[in-house]
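Contents: one structure, followed by commentary.
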Amino acid sequence: MNRLLSVFLLAFLPLFAQAQAPDLADLVNPLMGTDSKPSLSNGNTYPAIARPWGMNFWLPQTGKMGSGWAYQYSADKIKGFKQTHQPSPWMNDYGQFALMPITGALRFEEEERASWFSHKAEVVTPYYYRVYLADYDITTELTPTERAARFRFTFPKTDSAYVVLDALDRGSHVQVQPQQRRIIGYTTRNSGGAPQNFKNYFIIEFDHEFSSTTIYLDKVLYGQPLEATGGHTGAVVGFKTRKGEQVQARVASSFISPEQAERNLQEIGTNDFETVKQQGKAAWNEQLGRVQVEGGTDAQQRTFYSCLYRSLLFPRKFYELDAAGQPVHYSPYNGQVLPGYLYTDTGFWDTFRALFPFLNLLYPDVNSQIQAGLVNTYKEGGWLPEWASPGYRDIMVGNNSASVVADAYLKGVRGYDINTLYEAMLKGANAQGPLEAVGRAGASYYNKLGYVPYDVKINESAARTLEYAYDDFAIAQLGKALGRPKKEVALYQKRSQNYRNLFDKETRLMRGRNQNGTFQSPFNPFKWGDAFTEGNSWHYTWSVFHDVHGLMTLMGGPKPFVAALDTVFTLAPVFDASYYGSVIHEIREMQIAGMGNYAHGNQPIQHMVYLYAYAGQPWKTQYWARETLNRLYLPTPDGYCGDEDNGQTSAWYVFSALGFYPVCPATDQYVLGAPLFPKTTLHLANGKTIVLNAPANSAANRYVQAVRLNGQPYTHNWLSHEALMQGATVDFDMGDKPNTTRSTKAEDAPYSFSQEKK
């Protein structure tokens, strides 16, 4: 008997363990980062109920119509369930509309219809949302596809159950069609980056007959006609319900046409609510499952997968599928409907650093479509976007589309017209576009002098210069790979050294420089903004991704270089906010983090902890990377240390938890840190796997004692993308004390341009 039981257990325990394993999607907390406000960001996120890279997201709306802070964890009332395309509160939204169920008196204005709710009666996953609306005794549930969604409203017994459709202000249209049990219409509301003919067409189909129908226009209710066009329109449909009766709705939208919205509704087809919900869960598990972590604490696993979820939201799909199943898109660049892919809602100033390299490593199939979409952007708008939402937006600095394009191709992403993208890169590198944030502001100065001057009324000139120099390196790298003329490649290689023109030997920091060659004076290295972008000189001095050795040489060698890195952490969090006239939230987030002048809550300095590996002290990278992972990220509503920014700050966590980071996109290398988990398995799109083993890893054992790559001792402070893509096993021996003799030789340092053999 015992023997039979043993055989049974041996046979079925693996299956039982597999069945008990948590779904990765259910480890995600979409509320991570939602406890934020304009003056202090703990992420500035909202709970995006969506499919990976979905065209439409949904969220419970707690903020006022038009506010970028559409959902705040501290709120206690919900005003509607909004279809959103918002990439960040600072960029705000476009193409949004909202549904809200109510009972009793007919209330349609958002403040009047708002209902109290509690997080205790709220279920939030990436693929499903449920909340109890206390004022109306209604439970609302929603689950989306990429371009459609299912709603389920559970009503009490009443003759006055309603669903309000709010098409929002700034131009909208609604029509109620009682016989078809549906509402159709469009919204034009946007925050910029959209042509005059922009519309988001929606369709809402219910499974119950309407007991009443009403439309409203600018706060006035009408029984007839059941159609309105104007500034602010909406509709209210009524139902008579039994206690616990469910009214369901299918919702879809399109940027192309009403007919396409109806076609997008077929993403749901006849699938019931539970089927769509399970399909959504499976879609997230499939993408999250590309990375499987083992061990660590529950909080670490939840933080990891919450960050991975945020890394798989943007850029979002802006294309739809026509009757033949082919991609087609409305162009926010010329207002036409055209064939092909298009993605949007990302700022390259943020995401070139880690988010796009992460896609190249694990989701190259998705980035192939994104790159094809960039080809379409250039053809339709004449420029590559630096910030798109949905079209060109005039914000941030740099020409970092060069990095996004170059890194994809150099990492092996294919399936698009790279030559057209290279042409677009050259155009963007040598001219200022129709907006300051398209092309390069100050391009003529930069190309003539080797820097953008401080005194020619071009804001944040030093930041622009440093980023242009790196972008020139990216262009040169791609030019070499494409076999472009040597003279052309050499020009951009030479320009990549322009960072040297801003290095001040006196302070050993980067400093704004005037047109006549003198340095900006007076100079305060703690002054935020001015010559820099959302940071100070201590943050931007390290923005020489492609030539860290060159920067180190300017500073006097490894010893003063490391001393300067150390100083960032030992300085008090002092600052000068005079450029802004008040303390911006990025400054406040640095001030309260308890890590000196290290401002991880914003992007310019996020790679800095990895620079110790270039100077022969990799154990300091290991220490500070683990400190940042532990102290500045939590799977909670206040879980980020600044704006999450379209996956960038999350991708930093994901990469750093793996144990390596792409300091310099457009090279083949990832700089080694130390893994967070005892074991991680990466499932590559080519069918290969990367296994990262660190069995002795723990809170105390954060230091790497030795590394083996595919069983062989490995001393370099970097891993090759090419080698990883062939499938690899990396073994880390971990300990509680730094190994100060391993990987300290100059030949172990990661790539720097000035050390490249010419």
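Nothing fancy with the numbering, it's 1 onward along the sequence.
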What I'd like to find out is whether the side chain of [X] reaches to under 4.5 Å of the side chain of [Y], using heavy atoms alone.
{"X": "D471", "Y": "R440", "result": "yes"}
{"X": "L554", "Y": "Y499", "result": "yes"}
{"X": "L502", "Y": "R511", "result": "no"}
{"X": "L684", "Y": "T689", "result": "no"}
{"X": "L410", "Y": "D668", "result": "no"}
{"X": "L466", "Y": "F545", "result": "no"}
{"X": "F753", "Y": "C664", "result": "no"}
{"X": "F732", "Y": "N697", "result": "no"}

Single hit among W538, Y623, W624 for ring-ring contact (aromatic ring centres under 6.0 Å, His included) with F569: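 Looking at W538, Y623, W624, the match for F569 under the ring-ring contact (aromatic ring centres under 6.0 Å, His included) is W624.
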Please confirm whether the backbone N or O of [Y] pairs with a side-chain atom of [X], one donor and one acceptor, at under 3.5 Å?
{"X": "R631", "Y": "G594", "value": "yes"}
{"X": "E386", "Y": "M396", "value": "no"}
{"X": "R626", "Y": "A674", "value": "no"}
{"X": "Q301", "Y": "L27", "value": "no"}
{"X": "N400", "Y": "S403", "value": "no"}
{"X": "T715", "Y": "S743", "value": "no"}
{"X": "Q300", "Y": "T303", "value": "no"}
{"X": "S537", "Y": "M510", "value": "yes"}
{"X": "S41", "Y": "G43", "value": "yes"}
{"X": "S306", "Y": "N29", "value": "yes"}

Return the [atom1] to [atom2] distance between [X] and [Y], rounded to the nearest 0.5 Å.
{"X": "M425", "Y": "L374", "atom1": "CE", "atom2": "CG", "value": "11.0 Å"}
{"X": "T465", "Y": "Y451", "atom1": "OG1", "atom2": "OH", "value": "9.0 Å"}
{"X": "Y612", "Y": "N717", "atom1": "OH", "atom2": "CG", "value": "14.0 Å"}
{"X": "S401", "Y": "L421", "atom1": "OG", "atom2": "CG", "value": "9.5 Å"}
{"X": "L682", "Y": "L658", "atom1": "CG", "atom2": "CG", "value": "5.5 Å"}
{"X": "T621", "Y": "L611", "atom1": "OG1", "atom2": "CG", "value": "7.5 Å"}

Mind checking whether Y633 and H600 have ring centres under 6.0 Å apart?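 Yes - the distance between ring centres of Y633 and H600 falls below the 6.0 Å cut-off.
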What about Y492 and Y468, are their ring centers closer than 6.0 Å?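 No: the rings miss the under 6.0 Å criterion.
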Would F677 and F304 count as a ring pair (Phe, Tyr, Trp, His ring centres under 6.0 Å) if you check the C-alpha gap in whole Å, the side-chain angles of each, and the deciding distance to 0.1 Å? CA-CA 10 Å; F677 296 97; F304 182 89; 5.7 Å; yes
Might you point out which heavy atoms bring [X] and [Y] nearest each other, and give the distance in Å?
{"X": "G296", "Y": "P678", "result": "N-CD, 3.6 Å"}
{"X": "C641", "Y": "E589", "result": "O-CB, 3.4 Å"}
{"X": "E467", "Y": "G398", "result": "OE1-CA, 3.6 Å"}
{"X": "A694", "Y": "P675", "result": "CB-CG, 3.7 Å"}
{"X": "A577", "Y": "I587", "result": "CB-CD1, 3.8 Å"}

For R508, all residues meeting side-chain contact (heavy atoms from CB on, under 4.5 Å), sequence neighbours excluded: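 So R508 forms a side-chain contact (heavy atoms from CB on, under 4.5 Å) with F503, P560.
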Polar contact flag, side-chain donor to acceptor under 3.5 angstrom, [X]-[Y]:
{"X": "N602", "Y": "E586", "result": "no"}
{"X": "T507", "Y": "D504", "result": "yes"}
{"X": "T351", "Y": "T346", "result": "yes"}
{"X": "S496", "Y": "N498", "result": "no"}
{"X": "Y751", "Y": "D547", "result": "no"}
{"X": "N44", "Y": "D645", "result": "no"}

Show your working on salt bridge (Lys or Arg N to Asp or Glu O under 4.0 Å) between D472 and K494 and close with a plain yes or no. CA-CA 8 Å; D472 284 331; K494 181 181 178 182; over 6 Å; no
With sequence neighbours excluded, give me every salt bridge (Lys or Arg N to Asp or Glu O under 4.0 Å) pair touching residues 473-490.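 The answer is K480-E756, R484-E488.
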Could you note down all residue pairs passing salt bridge (Lys or Arg N to Asp or Glu O under 4.0 Å) where residues 710-738 supplies at least one of them, sequence neighbours left out?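 Residue pairs passing salt bridge (Lys or Arg N to Asp or Glu O under 4.0 Å), neighbours aside: R708-D733.
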Sequence neighbours left out, cut at 3.5 Å: what donor-acceptor pairs do the side chains of residues 524-532 make with other protein atoms?
unit_1, atom_1, unit_2, atom_2, d
N524, OD1, F526, N, 2.9
N524, ND2, D576, OD2, 3.3
K527, NZ, D530, OD2, 3.3
D530, OD1, Y454, OH, 2.9
D530, OD2, Y454, OH, 3.0
D530, OD2, Q520, NE2, 3.1

Note: D566-K620 ion pair, threshold 4.0 Å (strictly below):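 Salt bridge flag = yes for K620 with D566.
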Step by step, work out the side chain to side chain contact (heavy atoms under 4.5 Å, CB included) result for V671 and L719. CA-CA 7 Å; V671 180; L719 292 171; over 6 Å; no
For the residue pair W542 and F561, does the interplanar ring angle fall in the parallel (under 30°), tilted (30 to 60°) or perpendicular (over 60°) class?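 Aromatic pair W542/F561 classed perpendicular.
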Below 30° counts as parallel, above 60° as perpendicular, anything between as tilted: where do the rings of Y470 and H546 land?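 The arrangement is tilted - the two ring planes meet at 30° to 60°.
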Quick one: do T533 and W349 satisfy side chain to side chain contact (heavy atoms under 4.5 Å, CB included)? Show the steps, please. CA-CA 10 Å; T533 301; W349 183 83; 3.9 Å; yes
Counting neighbours of CD on E506 that are heavy atoms of other residues, nucleotides or ligands and sit closer than 6.0 Å, is the number greater than 12?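 Atom CD in E506 is not crowded, with 12 or fewer foreign heavy atoms closer than 6.0 Å.
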Using the side chain to side chain donor-acceptor pair (under 3.5 Å) definition, which of the options E644, Q603, R310 pairs with T649?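 Filter result, single survivor: Q603.
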Quiz: residues 359-368 side-chain donor-acceptor pairs under 3.5 angstrom, not counting sequence neighbours:
unit_1, atom_1, unit_2, atom_2, d
N360, OD1, N367, ND2, 2.5
N360, ND2, F356, O, 3.3
N360, ND2, D407, OD2, 2.8
Y363, OH, Q287, O, 2.6
N367, OD1, Q371, NE2, 3.3
S368, OG, R414, O, 2.6

Quick one: which residue pairs count as a ring-ring contact (aromatic ring centres under 6.0 Å, His included) with a foot in residues 697-730, not counting sequence neighbours?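 ring-ring contact (aromatic ring centres under 6.0 Å, His included) check on residues 697-730 returns Y670-H721, Y714-H716, H716-W718.
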